[in-house]
**Q** 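First, the structure itself, so that you have it in front of you.
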Amino acid sequence: MRKGNRYWYILAVYATGIVIFTLFRLVNTLVYCMSAESWPDFDGQYAYALLMGWRFDTVVSCYLLTIPLLLAIIGEVARIRAKGYYLTMHILTVVLYTVAFFACSVDVPFFSYFFTRLNAVSVNEVDSFGLIADMILSEPVYLLGLAAFIGLAVGYAFLMRWVYRRLLRDASAFLPVGWAAAVAALMLFVGFWGMRGRLSQKSPIRVGTAYYCGDAFLNQLGLNPLFTFVKSMEEMSKSANQPLTLMSPDEAWAVYEADHATPVDSALAATAIALPEGMNVVVVLMESMSVDKTGLLQPERSLTPNLDSLMHNGLVFTQCYSAGIHTYNGIYSALYAHPAVLARHTMKHTFIPLMCGLPHQLKAQNYQTAYMMTHDEDYDNMRGFLLANDFDSVLGQHHFPADESIGTWGLPDHRLLDHAIEHCNAVAGNGAPFLTTIMTCSDHAPYSIPDGINFSARSKEMAGKIVEYADWSIGRFMQMAAQQEWFGNTVFIFIADHGAAGQSIYDISLPYHHVPMLFYCPTHIAPQRCDRLALQLDLYPTLMGMMPYAYENNTFGLDLLRQRRQLAYFSSDTKIGVLDTAWLYICHVAENNEHLYHWCDTTAGDQIALHRDKADTMRRYALGLVQHSYNMLENHTTSCGTPLTH
């Protein structure tokens, strides 16, 4: 190599970047394999995933090197010798790649948690920077990751300093003018096609290009996190300035109307539950409590004996699915019976929509309504949204003694539940029925288990211990509640905001959406296990169907004790999933990339070519309902108006 050869410098930067991007891909693989129940068998397809990764890494590298390459060409053609010029070019190059490596570092826990590569949804947390910083500083794994990134960044800077000294600092050597022009033209040509990522004239490389087999992990492994983040930011920018257009308003309305008119099943209606007037309602939204953690499917592996006991003695829906993968999705859907609208944050509106739902209907019956949470009330705009939508009070970290907070998420679960007992006692003492919603949070990283309590875990890993602690807190809460005068006149509802990412062969993680939904009231609800399809957003009409108050259901939920749901649907940010008892349809909305799986037969692979009609039916159903929900929000037609009363 000749000293001062600017083009060799660009190639050296590119090669180094590819190696580091590949190392991050290997780290993601190791994290995935270590979290799996058994070491995955990639069936000889792993090498192709790495090759696909090289393609996406090359696209990202070509964009990162655009300005450095232009500076190199200008320096070559103009015969620039000033060392400051090339030092500036070098510093810019190192900074750009360090940013890219930071995106890869963030992607490791993001991918592990959400089973999707880094995307624009991560910026939803930017306005809570202090909380995010506290999460990182409070969690040893995050601190280790941060330290590893800092070490990588420093090491990369020193390595590139050596490359700079060898190839760029001595800028006295120049190619002959003709050769300089030829090489410049070649590198610009290669760089242009590198940005496209493929030779096809029809379109550049897309996220869907990475999907080449039936393994969801391998399909996503090839993606570069900076690529997915930028692409999703583009989509978010478009969606912020353009209306959602999954379907025409008229067709979306027709889908909604057909679903809304799901007939009453006489066999179900004959056994429907009737609750007396004035029943108190306590809704416990459990952080990350997926069915996989409970004993519903595998009793021998259960981490939740207290919740299992409650489910054994109440009305439990075993095939319930959450609207999305974020806490705000769960709150919004469970309480107001609307679906998640892809990656849009439905609780962060400049002008907060007025929503029909459980708080609205019960407040109209003179219920006292309260929402209780462990942390900052303004996180995710919860306080503003909930107060605008019929909660009398939103009680968070700032309403409780400061010395009770033990970590990033404020109060531990059992202390929040203690305060919930106190609140219910106070309201019951005033003679009014109440709706109290409690959002637990201990089962959210970073984990903190308080000292000095009568709790011991069987699990060795912290991830298992924290689930056991959350369950212990629920058991303790229900023991205390059973001693209160209002207990016999109260229906308790336990449901998760979402599940947790378990091992999945699909690029939508079903364990992340599969959650228990339990109605518990020993005095009025007999034990019953329902294995029919259910959605988080069915909570509201199902409960109202038990209560003696007439109401108008203009939401997206069904009364599961009178109607049978044929399809479940949910959003995973940029993807929509639709499920029935045999089939799972997945649509990557921005890419219009579709898959259909016979999810009871995990060996069958993608069946969309063989069952196009089935896929089209499922697609129309989910996209139509999501579109109509969006239309209602945009047109401000979600208000209930005056509820019907006896």
Side-chain angles (χ1 to χ4, degrees), residues 254-283 296 310-321 323 333-339 356-362 364-365 367 433 435 488-495 515-569 578-582 617 621 625 628 640 643-646:
V255 174
Y256 170 76
E257 194 173 37
D259 189 57
H260 200 61
T262 299
V264 171
D265 186 304
S266 57
L268 293 179
T271 60
I273 296 167
L275 297 176
E277 187 172 350
M279 286 288 291
N280 304 308
V281 178
V282 174
V283 179
L296 280 179
L310 294 172
M311 291 191 291
H312 184 72
N313 291 284
L315 167 62
V316 60
F317 291 89
T318 65
Q319 292 297 321
C320 180
Y321 293 87
S333 181
L335 296 177
Y336 300 102
H338 269 248
C356 182
L358 189 60
H360 180 92
Q361 293 293 353
L362 293 184
Q365 302 299 329
Y367 277 63
L435 163 65
N489 193 44
T490 301
V491 56
F492 296 84
I493 305 171
F494 294 87
I495 191 168
V515 298
M517 180 164 65
L518 165 69
F519 295 81
Y520 180 81
C521 180
T523 55
H524 297 287
I525 300 178
Q528 182 181 354
R529 175 178 171 130
C530 293
D531 297 322
R532 304 185 296 273
L533 283 178
L535 287 176
Q536 201 175 45
L537 51 78
D538 295 326
L539 183 157
Y540 158 59
T542 300
L543 176 63
M544 291 305 299
M546 301 180 194
M547 303 190 82
Y549 312 120
Y551 75 105
E552 181 180 4
N553 180 19
N554 60 357
T555 70
F556 291 74
L558 299 180
D559 181 348
L560 298 175
L561 297 183
R562 291 176 173 83
Q563 298 166 290
R564 293 184 185 270
R565 179 170 287 286
Q566 300 303 311
L567 293 170
Y569 65 107
V578 191
L579 190 77
D580 66 10
T581 55
T617 298
Y621 177 80
L625 293 177
H628 188 63
C640 290
L644 300 174
T645 58
H646 290 300

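Because only heavy atoms are used, hydrogens play no part in the values below, and waters and symmetry mates are left out as well, while side chains stay in.
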**Q** Would a distance-only check, ignoring hydrogens and angles, find a side-chain to backbone donor-acceptor pair under 3.5 Å from H260 to N553?
**A**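 Present.
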**Q** Of the options V264, I273, T271, L543, which is the one that meets L561 in a side chain to side chain contact (heavy atoms under 4.5 Å, CB included)?
**A**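 With L561 as partner, V264, I273, T271, L543 yield a single side chain to side chain contact (heavy atoms under 4.5 Å, CB included), made by I273.
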**Q** For a side-chain hydrogen bond (donor to acceptor under 3.5 Å, both in side chains) with D265, tell me which candidate from R562, Q563, R564, R532 qualifies.
**A**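 For D265, the side-chain hydrogen bond (donor to acceptor under 3.5 Å, both in side chains) test succeeds with only one of R562, Q563, R564, R532, which is R564.
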**Q** For residues L579 and L567, determine if any side-chain heavy atom of one lies less than 4.5 Å from a side-chain heavy atom of the other.
**A**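 In short, these two side chains do not touch, never coming nearer than 4.5 Å.
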**Q** Would you name the heavy atoms of T523 and G488 that are closest together and state the gap between them?
**A**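 Answer, listing the atom of T523 first, then G488: OG1-O, 2.9 Å.
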**Q** Between CG of L537 and CG of L335, what distance do you get to the nearest 0.5 Å?
**A**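 With rounding to 0.5 Å, CG (L537) is 11.5 Å from CG (L335).
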**Q** Determine whether the aromatic ring centres of residues F494 and Y520 are separated by less than 6.0 angstrom.
**A**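 For Y520 and F494, the ring centres are not under 6.0 Å apart.
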**Q** Looking at N313 and L310, would you say the former's side chain and the latter's main chain have a donor-acceptor pair under 3.5 Å?
**A**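 Judged by distance alone, no pair lies under 3.5 Å.
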**Q** For the CZ atom of F317 and the CD atom of Q528, what is their distance to the nearest 0.5 Å?
**A**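 F317 atom CZ to Q528 atom CD measures 7.0 Å (nearest 0.5 Å).
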**Q** Can you find a side-chain donor-acceptor pair between Q361 and Y540 that sits under 3.5 Å?
**A**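 Yes.
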**Q** Pair C521, M279 - check side chain to side chain contact (heavy atoms under 4.5 Å, CB included), show working.
**A** CA-CA 10 Å; C521 180; M279 286 288 291; 3.5 Å; yes
**Q** If we ignore hydrogens and angles and just use 3.5 Å, is the side chain of Y551 paired with the main-chain N or O of G357 as donor and acceptor?
**A**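 Answer holds: no.
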**Q** With D531, which residues qualify under side chain to side chain donor-acceptor pair (under 3.5 Å), at least two apart?
**A**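 Testing D531 for side chain to side chain donor-acceptor pair (under 3.5 Å), a comparison that skips the adjacent residues, returns T318, R529.
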**Q** Quick one: pull up CG in L558 and OG1 in T262 and give me the separation to the nearest 0.5 Å.
**A**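 Result: 5.0 Å between the selected atoms.
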**Q** Apply side chain to side chain contact (heavy atoms under 4.5 Å, CB included) to V491 and I525, showing your working.
**A** CA-CA 9 Å; V491 56; I525 300 178; 4.0 Å; yes
**Q** Could you check if a side-chain atom of P359 sits within less than 4.5 angstrom of a side-chain atom of Y367, using non-hydrogen atoms only?
**A**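 Not in contact.
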**Q** Please tell me if the side chains of V316 and C530 come closer than 4.5 Å, counting only heavy atoms from C-beta onward.
**A**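 Sidechains of C530 and V316: no contact.
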**Q** Rounded to the nearest 0.5 Å, what separation is found between the CE atom of M517 and the OG1 atom of T542?
**A**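 Spacing of CE (M517) from OG1 (T542) equals 5.5 Å.
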**Q** Relative to the ring of F556, is the ring of Y256 parallel (under 30°), tilted (30 to 60°) or perpendicular (over 60°)?
**A**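 Tilted, since the angle between the ring planes falls between 30° and 60°.
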**Q** Check the pair Q536 / Y321 against side chain to side chain contact (heavy atoms under 4.5 Å, CB included), numbers first and verdict last.
**A** CA-CA 6 Å; Q536 201 175 45; Y321 293 87; over 6 Å; no
**Q** Kindly give the heavy-atom pair with the smallest separation between V281 and V283, and that separation in Å.
**A**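 Closest approach of V281 to V283: CG1-CG2, 3.9 Å.
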**Q** Minimum heavy-atom separation for P516 and L296, please, with both atom names.
**A**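 Of all heavy-atom pairs spanning P516 and L296, the closest is CB-CD1, 4.1 Å.
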**Q** Quick one: do Y621 and D259 satisfy side-chain hydrogen bond (donor to acceptor under 3.5 Å, both in side chains)? Show the steps, please.
**A** CA-CA 8 Å; Y621 177 80; D259 189 57; 2.9 Å; yes
**Q** Could you tell me the separation between the CD atom of Q566 and the OG1 atom of T581, rounded to the nearest 0.5 Å?
**A**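 Those atoms lie 8.5 Å apart.
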**Q** Which value, rounded to the nearest 0.5 Å, describes the distance between L533 atom CG and C320 atom SG?
**A**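 Rounded to the nearest 0.5 Å, the CG-SG separation comes to 10.0 Å.
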**Q** Do L535 and L560 come close enough that some side-chain heavy atom pair is under 4.5 Å?
**A**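 They are not in side-chain contact.
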**Q** For the side chain of S333 and the backbone of P339, is there at least one donor-acceptor N/O pair under 3.5 Å apart?
**A**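 Answer holds: no.
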**Q** Evaluate the side chain to side chain contact (heavy atoms under 4.5 Å, CB included) criterion for residues V282 and I493: first the C-alpha distance (whole Å), next the side-chain angles of each, then the deciding distance (0.1 Å), finally the verdict.
**A** CA-CA 6 Å; V282 174; I493 305 171; over 6 Å; no
**Q** Is a donor on one side and an acceptor on the other found under 3.5 Å between the side chain of N489 and the backbone of G278?
**A**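 At least one qualifying donor-acceptor pair exists.
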